[in-house]
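What you are looking at is a predicted structure, and each value in this text was computed from that prediction instead of being measured.
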Amino acid sequence: MKVTMLATTCDMKDCPTIYETDRGTILVQGETPPDHGLDIPAHETLVEVPLDLIMRAFGDQLGA
């Protein structure tokens with residue numbers, strides 16, 4: 001899989017980051033919130049990222 005960084009919140013490797021893959025998917029790096037209260041299947045997870053990171057990565061494309 002080829003991964004390209006779209007946006008990050010810092011220059012380190014341990015910050016929320018959004019990546020695009022050559023599979024037509026998005027990878028999201030962020031904190032796993034322990035208190036979400038949702039029933040998530042064992043093979044899935046939730047990742048919390050700042051909204052401004054989403055805007056930085058996708059900007060005007062969000063409304064399209």
Handout entry: Co-membership, hydrophobic cluster, residues Leu6 and Met1, 4.5 Å side-chain
Key = no
Exercise for the section: Kindly state each residue pair satisfying disulfide (SG to SG under 2.5 Å) with at least one member in residues 8-47, sequence neighbours excluded. Expected result: Cys10-Cys15
Only distances under 3.5 Å count here; give the side-chain donor-acceptor pairs of residues 18-26 to other protein atoms, sequence neighbours excluded, each with its distance to 0.1 Å.
from, atom 1, to, atom 2, distance (Å)
Tyr19, OH, Gln29, OE1, 3.0
Thr21, OG1, Arg23, N, 3.1
Thr21, OG1, Thr25, N, 3.2
Thr21, OG1, Thr25, O, 3.3
Thr21, OG1, Thr25, OG1, 2.6
Asp22, OD1, Lys2, N, 3.2
Asp22, OD2, Lys2, N, 3.4

Practice task
Begin with the C-alpha distance, continue with both residues' side-chain angles, and end with the deciding distance and a verdict on side-chain contact (heavy atoms from CB on, under 4.5 Å) for Val3 and Leu27.
Solution key: CA-CA 8 Å; Val3 177; Leu27 300 176; 3.9 Å; yes
Show every donor-acceptor pair shorter than 3.5 Å between a side-chain atom in residues 32-59 and any protein atom, with sequence neighbours excluded, or say none if there are none.
from, atom 1, to, atom 2, distance (Å)
His36, ND1, Leu38, N, 2.9
Arg56, NH1, Thr8, O, 2.5

